[in-house]
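Each remark here refers to the structure printed beneath this line.
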Amino acid sequence: MHARIKEHLTSVLMRLQDAGELPSGDLPTIDVILAKQPEHGDFATNIAFKLAPLARRSPAQIGERLVAAIGDGDGLFSSVEFARPGFINFRIATAHWFSVLGEIAARGAQFGTSDAGAGQRVLLEFVSANPTGPLHVGHGRGAVVGDVLGNLMQAAGYHVEREYYVNDVGNQIRLLARSLYFRYAQLLGREIELPENHYQGEYVIEIAQRFREAHGDGQLDVDADALPPLFRAFIVDDILADIRDDLGRFGIGFDRWYQEHELYDSKWVERVLDKLRTEGLLYDEDGKMKYRVSQFDPNEADRVVIRDNGVPTYFASDIAYHDEKFARGFDTLINIWGADHHGYIGRVRAALTGLGHDASKLEILLVQFVNLVRGAEQVSMSTRSGQFVTLREVVDEVGADATRYFFLMRKMDAQMDFDLELAKKRSLENPVFYAQYGHARLCTMLKRGAEGGHQPAAFNSELAGLLTLPEELDIVKRLWRFSDVIAQCAAARETHPLVFYISELIKVFHGYFTRYKHTEKVISEDAAKTAARLHLCVALRTVLANGLALLGVSAPEWMEPPAETEEE
RNA sequence: GCGCCUGUAGCUCAGCUGGAUAGAGCAACGGACUUCUAAUCCGUAGGUCAGAGGUUCGAGUCCUCUCAGGCGUGCCA
C-alpha cells in the first residue's frame, strides 16, 4: 500500500513540475508512514515539509495545493486532507482494503512473498561453530536467526545460499585430537592426566569409547605430538555429525558445509598469499609473515598470516575463504557471527579491500550473547571447561518452537536472558503459545463451520459490505502489511519485526473473537455473513501459517486446553 | 587506553530508519465464562526515553561529550 501511494504522489509531483508549479530537478524521497492515530487517517506523508524550502513556499501552501492535485487518487482514497503544520493524511477506500483478501485467496502459501530483493544472490554464512564440541545455546541463537533471515530473504525475492564454514584445521583441532588420544589412553588403563588446556568435556570420553569400538585397542602407540590423522578425522567427523543432527532436529539445514581444509587442498590459501606477496602486501618480521592490513584501515594493526614455524594462521584461511566467496560471484555476502568475534571484522574487511574486492558487499551481523537463566539461577557456559548447557538439552527441555520463538523475538544485537522456566511455561507469559493458539482457534472455527454446513465464501466484492465490524476492517488492514513486513525484515536483516507483527495480528483476532462471542458470532444464522467471516478466517489462518512457517515454528490445528485444576 | 553493542513503564522488550499526544506483553489492581477453545478478552494504573549539549519546522531515533552494563582489543577461534 505504501508503494501505491508513493507511485501516485510521484506522478502528481511530476505533473506539478511540468506545469511549473514546482521547481524542476530531483524530487525529495517520498516518505509514507502509517498513521498512529485514527483521526489522521490510514497513512500520512511529510512531503510538504520537504518541498517547502525547494519551492520557497510554506508547507501549508504546498500541502493545500497537493491535496487539490491528488484528488481521490483514481478511487484509491476516500479522503485526502491537509493537517497542520504540514502533513497530508490519506484514508484508503474500503474496497481497496478488501482487495487483499482476493490476493490471499489466489496466492495461498505464496502470499507474503515479493520480488523486493530482485533476485540478488546472497551467500548467508551462519553458525560455523568449530567442531570442537556440541553446540551450545549461543550457537542456537545464531542458527535460528540465520535460518529465519534466510527464509525471510528468500520470501522477499533474494536468492539465498546457506553455508556453514567448518574450521577443521588448526591448533584447536590439534588439541581436540590430542584430548581424544588421552581419553582413549585412559580407557585402555594408562595413568595419564588430560592437560589443562585440552578439552575437558564428558563428550570426549564418549567419543573415545566409539573410537575404541571402531579402531580397537591398537592405536596407542603413536607420538601424541604428531597425532596420526586418524584421531583428528574421527573426532571431527563425530562432532560434526552431532552438530548436523542437532541442527536438523532444530529444523536447520545448509546448502553447503564448507570445510577449511578444502581451501588448502585446492591451494586457494597458497594462491591468495602469493597474490598478496606479489603485490607487496606481505612482509617478513622476525620470521613471521604479516599482512599490511593497516594500509587499508588505519585502525587495524598488521596481522600475522604465517607463523614463524611456517603454519598459516586462521586469518590466512579466512582471507582465502572470503576471497573464494567473492569468486563465486554473489551480490551480497552475509556472515552471522557471535558478538565476541567483532574485533575480527575490521581486519577481514581491510584484507578483502587489499585484494581488490568491494568490502561493502560483505555484511557482518553480530548476534549478541545469550545469558542462560533457570529461574533465578545463572548458568554460565564455556566449551573448554566442559560445563555448559547444550543446545540439544535446551531443545529437549523446552521444545524447538519455544526456543526458536524466544530467539526470534529480540533483535539480534541486544543481549538476552533466556529463561528456561519461562520458555517451558504453557501459559500467557509465553508468547509462542499465544500465537499458536490463535492458529488452532481459527482451525477449530473453520471445522465447526463446516460441521454446521458453512463454507467460506469465495472472494467477491460483496465481502466488504458484510464484514463491517471495526475489528474486521482492522484485521484486513493488517493482513495487507504482511509482505511489507517480510520485505522490511529482509532489507534490515532482522527477524523480530515479523514476530511482533504476528503477535499483534493474532491479538486483534483474539479480541474480535471474544468480544463478539455472544453477539456477532462468526458462525451464525446469517449464512452470507457466516460465509464472509469464514473467508476472513481462512485469510487470517493463511497469513498466520505463512508467518509461522517463515519462523520455522509449527502451526498446530488443535491445542489441548490445560488441565483444569481440580479441587479436592 | 582504543573499538563495537546496549541503556525506553516494576520486569522483558517494540518504536516502521527524523514525524503529530512514546507503545505491547508480563507482573499489579478491577471486571467478563450454561465458550464458535477463558491457553481468551475488556478496563485501570504505571515514563525526566541513562544524563548534558547540538543539528531543524520537528529528536526515543542523527552528531558530540559524560555515566552505567556487556563484549572485544593474540602467532586463540
Side-chain angles (χ1 to χ4, degrees), chain A residues 2 31-37 39-40 44-46 49 52-53 58-59 83-87 89 128-130 132 167 170-173 175 197 286-290 299-301 303-309 311-315 318 338-346 366 368-369 371 383 409-411 413-417 419 422 425-431 433-434 436-438 440-441 444-449 451-452 454 481 484-485 488 491-492 496-497 499-501 503-504 507 509-518 521-524 530 533-534 537 558-562:
Chain A
H2 285 77
D31 294 325
V32 173
I33 61 159
L34 277 175
K36 284 177 192 157
Q37 292 163 67
E39 59 266 32
H40 295 150
T45 181
N46 59 359
F49 283 114
S58 72
R84 297 199 158 276
F87 296 100
N89 295 328
S128 297
N130 287 356
T132 53
N167 284 114
N171 196 45
Q172 293 305 315
I173 297 296
L175 290 178
N197 63 346
D286 305 330
K288 335 163 245 223
M289 197 59 75
K290 283 184 148 186
N299 294 322
E300 286 295 323
R303 302 288 174 175
V304 173
V305 288
I306 301 178
R307 301 178 176 92
D308 51 12
N309 63 6
V311 178
T313 62
Y314 276 90
F315 186 43
D318 280 344
D340 54 332
H341 285 64
H342 88 254
Y344 215 67
I345 297 175
L366 296 178
Q368 290 289 332
F369 279 160
N371 187 29
T383 310
M409 265 164 47
R410 289 161 174 96
K411 56 182 174 196
D413 48 10
Q415 290 165 243
M416 65 174 282
D417 284 346
D419 187 341
L422 177 60
K425 277 188 190 165
R426 300 169 64 79
S427 75
L428 307 184
E429 296 164 71
N430 191 341
F433 290 105
Y434 184 83
Q436 291 181 315
Y437 176 53
R441 227 178 185 185
T444 302
M445 187 136 46
L446 290 164
K447 210 173 109 194
R448 287 287 160 80
E451 285 164 6
H454 298 285
R481 290 187 49 210
D484 284 347
V485 170
Q488 177 204 333
H496 68 281
V499 177
F500 281 86
Y501 170 80
S503 64
E504 283 164 18
K507 178 185 161 65
F509 167 69
H510 280 311
Y512 167 68
F513 181 92
T514 306
R515 170 168 296 178
Y516 296 110
K517 67 194 305 176
H518 299 303
K521 297 173 78 157
V522 170
I523 299 164
S524 68
T530 299
R533 286 179 176 155
L534 288 176
C537 288
W558 171 256
M559 289 171 82
E560 207 57 47

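In what follows, every chain begins at residue 1, and chains take the letters A, B, ... in the order their sequences are listed. These numbers come from a predicted model, not from an experiment.
- When the P atom is used for both B/rG18 and B/rU6, the distance is 15 Å, rounded to whole Å.
- Within the 4.5 Å cutoff, the side chain of A/Tyr516 has no heavy atoms near those of the A/Val522 side chain.
- Note on A/Ala414: nothing from the nucleic acid sits closer than 4.0 angstrom, heavy atoms only.
- Look at the P atom in both B/rG60 and B/rC16: the space between them is 12 Å, to the nearest Å.
- Nucleic acid contact class of A/His2 (heavy atoms, under 4.0 Å, all strands): none.
- For A/Arg303, the side-chain atoms get nearest to B/rG74 when compared with the rest of B/rA20, B/rG74, B/rG72.
- Residue contacts shown for A/Ala44 include a base, since a base heavy atom lies under 4.0 Å away.
- A stem is defined here as three or more consecutive Watson-Crick or G-U pairs, each with both distances under 3.5 Å; for RNA chain B these stems are B:1-7 with B:67-73, B:10-13 with B:23-26, B:28-32 with B:40-44, B:50-54 with B:62-66.
- Between A/Lys447 and A/Trp558 there is no side-chain heavy-atom pair separated by less than 4.5 Å.
- Atom CG of A/Asn167 and atom P of B/rC76 are 13 Å apart (whole Å).
- In this structure, of B/rA20, B/rG7, B/rC75, it is B/rG7 that holds the atom nearest to the side chain of A/Lys411.
- Among B/rG19, B/rC4, B/rG15, the nucleotide with an atom closest to any side-chain atom of A/Ile33 is B/rG19.
- The same atom, P, is picked in B/rC62 and in B/rG7; the two are 10 Å apart, to the nearest Å.
- A/Asp286 comes within 4.0 angstrom of nothing in the nucleic acid, heavy atoms only.
- For A/Ala129, the side chain to side chain contact (heavy atoms under 4.5 Å, CB included) test picks out A/Val127, A/Leu135, A/His139, A/Tyr164, with sequence neighbours left out.
- Heavy atoms of A/Tyr512 sit nowhere under 4.0 angstrom from any nucleic acid atom.
- As judged by a 4.0 angstrom heavy-atom cut-off over every strand, A/Asn299 is placed among residues making no nucleic acid contact.
- A/Asn167 places none of its side-chain heavy atoms less than 4.5 Å from the side chain of A/Gln172.
- A/Met409 comes within 4.0 angstrom of no nucleic acid atom, judged by non-hydrogen atoms across all strands.
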- Message: Each nucleotide in nucleotides 58-64 of chain B should get exactly one letter: B, S or -. Can you fill that in based on protein heavy atoms under 4.0 Å?
- Response: -------

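- Closest to the side chain of A/Val522, from the set B/rC36, B/rC16, B/rU17, is B/rC36.
- Contact annotation for A/Ala52: no contact, since no heavy-atom pair falls under 4.0 Å across all strands.
- Distances were taken from every side-chain heavy atom of A/Phe500 (C-beta onward) to each of B/rG69, B/rC13, B/rC36; the shortest belongs to B/rC13.
- Across all strands, A/Ala492 comes closer than 4.0 Å to base atoms (heavy-atom distances).
- Residue A/Lys507 has its side chain nearest to B/rC41 when only B/rG69, B/rC16, B/rC41 are considered.
- Spacing between B/rA20 and B/rG72 at atom C1', rounded to whole Å, works out to 42 Å.
- Set against B/rG19, B/rC4, B/rC75, the side chain of A/Phe49 has B/rG19 as its closest nucleotide.
- Across the protein-nucleic acid pair, A/Phe369 atom CZ and B/rU6 atom P stand 15 Å apart, rounded to whole Å.
- Among the protein residues, A/His40 comes within range of the nucleic acid bases, having at least one heavy atom under 4.0 Å from a base atom.
- B/rG58 and B/rU21 are spaced 14 Å apart, taking the C1' atom of each and rounding to whole Å.
- The side chain of A/Tyr434 sits closest to B/rC41 out of B/rC4, B/rC41, B/rG69.
- Judged by distance alone with a 3.5 Å cut-off, a donor-acceptor contact links the side chain of A/Gln37 to the base of B/rU21.
- Looking at which nucleotide of RNA chain B each of A/Gly449 and A/Val304 is closest to, the 5′-most match is held by A/Gly449.
- Of the candidates B/rU21, B/rA20, B/rC41, the closest approach to any side-chain atom of A/Glu39 belongs to B/rU21.
- Checking B/rC75, B/rG3, B/rG19 against the side-chain heavy atoms of A/His342 singles out B/rG3 as nearest.
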